[in-house]
Number of protein chains: 2
Amino acid sequence: MKQAKISEAVVRRLPIYLQVLNELYNREVQTVSSQELGLKLDLNPAQIRKDLAYFGDFGRKGIGYDVSYLIEKIQQILKLDQRINVALVGAGNLGHALCNYNKYSKDNMKIVAVFDDHQNKIGTMINNLTILPMDKLKETVQENNIRIGIITVPGPEAQNVANQFVEAGIEGILNFAPAILRLPEHIRIHHADFTRELLSLAYYLEKERNEQENGAVVD
Amino acid sequence: MKQAKISEAVVRRLPIYLQVLNELYNREVQTVSSQELGLKLDLNPAQIRKDLAYFGDFGRKGIGYDVSYLIEKIQQILKLDQRINVALVGAGNLGHALCNYNKYSKDNMKIVAVFDDHQNKIGTMINNLTILPMDKLKETVQENNIRIGIITVPGPEAQNVANQFVEAGIEGILNFAPAILRLPEHIRIHHADFTRELLSLAYYLEKERNEQENGAVVD
DNA sequence: TAGATTGTTAATCGATTAACAATC
DNA sequence: TAGATTGTTAATCGATTAACAATC
């Protein structure tokens, strides 16, 4: 309802709610109940209600939630109602992919600057953005009110890039590099390192496809 | 120590341990304590010890953990000691990026087939892989013992691709598309949808302005 | 031996779920 | 009104952390 300490688990579910709500909106569904959302997302309806109730009374008893109203509210909570400028370092394939995503995004987060330190890339274009050299990072971040930095460089370079982002005054970092980063307390960092997801996925595979008698791990 | 129910939270930390251990290994560090790991990863040392103890007695009292031994053990736990073949659908920039990663990976997970349904892409190469049409998916998966599928197509196509993976007999899916997927119970799905990370990151911006510390708000 | 650090049990903390009065 | 569904409190479940005997 009011200000309580919102746990990270709750915040991480908000974008998921937003995703399914957008799908409903596109199908012109007006109203949805926590039960229906729970079914779609494999979540407990009570959890969904509780999550949303941290931020306000968005639903109507006996009715459910108005889809477009709830979308609007969650966008506000996630600060997507304000323009948030993003910079990206690392103009490889992954960097390209993220910049492309830009074009289709209808929310207010935009990659507004791309950096790389390879001479052959500097000055070339990704979509409508010119790739800039790293020594332009700080001034660009500051002049354009850039608040989030995305790192798509190889692992060993990631810490260095992160440091430069911090130095430039960024508030949050989204890191795609397979690396552990050390950052000051006040910088928020999220990881989008797909190797983590891929390796943990492997854990859940069946024991062995080829039935080759792996002795139980006992010593 | 033995077989207990391992929680997902534990499994998701294993790749992170592996990452930091690999860094230590590269710096030729022989031994590491849970305390040191905890410092690097911002995790409680007791948690790290407990996580590892689910799978065996890997450490030595008074000494710590042997880095290369622990790497080996975690790789076994994650099934990285066996070859795991992966297929990827969606040969865009993101697909390219993941295939490139392949080259540098020294573990046993490999993307061995790439699919796309755009005529202009079919037959062209990514690294050493020829892009195949979707109607070759099932036979390729089955003939090559492919167990994991990666989805890097646009959101609206993702469910369809997922269905085809399931049909082909895949065990797990890593989904990069911004979409909610419905899948049978027995299929493990992990999300690498960066929009989720990016939107939840936005939530944490601008903390400073909200810093007005109003104590216990009760009504 | 003295110091360090594990593996593990017990205590704490936090998150999820159930239940239900309020109410549309 | 009767049926549905919220917001919220209380109960449950699970995960994290502290503490410490065992031992290298």
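The figures that follow rest on heavy atoms only: side chains count, while hydrogens, waters and symmetry mates do not. Nothing here was measured: the structure is a model prediction, and the numbers come from that model. Chain identifiers are assigned alphabetically (A, B, ...) following the order of the sequence lines, protein sequences preceding nucleic acid strands; residue numbering begins at 1 within each chain.
- Contacts of B:R49 with the nucleic acid, taken as non-hydrogen atoms under 4.0 Å apart, include base atoms.
- Using Watson-Crick or G-U wobble geometry with both donor-acceptor distances under 3.5 Å, C:dG14 finds its partner in D:dC13.
- For C:dT8, the paired nucleotide is D:dA19, the pair qualifying as Watson-Crick or G-U wobble because both relevant distances are below 3.5 Å.
- Taking the side chain as every heavy atom from C-beta outward, A:M109 and A:R83 never approach each other to under 4.5 Å.
- Of the two residues contacting DNA chain D, namely A:A46 and A:I63, the nearest-nucleotide position lying further toward the 5' end is that of A:I63.
- Using a distance-only test at 3.5 Å, with no hydrogens or angles considered, no donor-acceptor pair links the side chain of B:E197 to the main chain of B:F194.
- Contact check for A:I84 versus A:I146: no side-chain heavy atoms found under the 4.5 Å cut-off.
- Taking 4.0 angstrom as the limit, B:Y65 places a side-chain polar atom (N or O) nearer than this to OP1 or OP2 of C:dG7.
- In terms of position along DNA chain C, the nucleotide closest to B:G59 lies nearer the 5' end than the nucleotide closest to the other residue of the pair B:G59 and A:D51.
- Atom C1' of nucleotide C:dT5 and atom CZ of B:F58 are separated by 17 Å, given to the nearest angstrom.
- As a whole-Å value, the separation of B:L41 CG from D:dT16 P is 14 Å.
- Side-chain atoms of B:R147 and B:Q82 form a donor-acceptor pair, as typed in the model, at a separation below 3.5 Å.
- Comparing C:dA15, D:dG7, D:dT6 by their nearest atom to the side chain of A:A53 picks out D:dG7.
- Of the listed nucleotides (D:dT16, D:dT8, D:dT6), D:dT16 has the atom at the smallest distance from the side chain of B:A9.
- Between B:S34 and C:dT5 there is no side-chain polar atom (N or O) within less than 4.0 angstrom of OP1 or OP2.
- No donor-acceptor distance shorter than 3.5 angstrom exists from the side chain of A:K73 to the backbone of A:F58, with no hydrogens or angles considered.
- Base pairing of D:dG3 is made with C:dC24, judged by Watson-Crick or G-U wobble geometry with both donor-acceptor distances under 3.5 Å.
- Taking only side-chain atoms of A:K50, from C-beta outward, the nucleotide of D:dT8, D:dT6, D:dT17 with the closest atom is D:dT8.
- Neither OP1 nor OP2 of D:dG14 sits under 4.0 Å from any side-chain N or O of B:S7.
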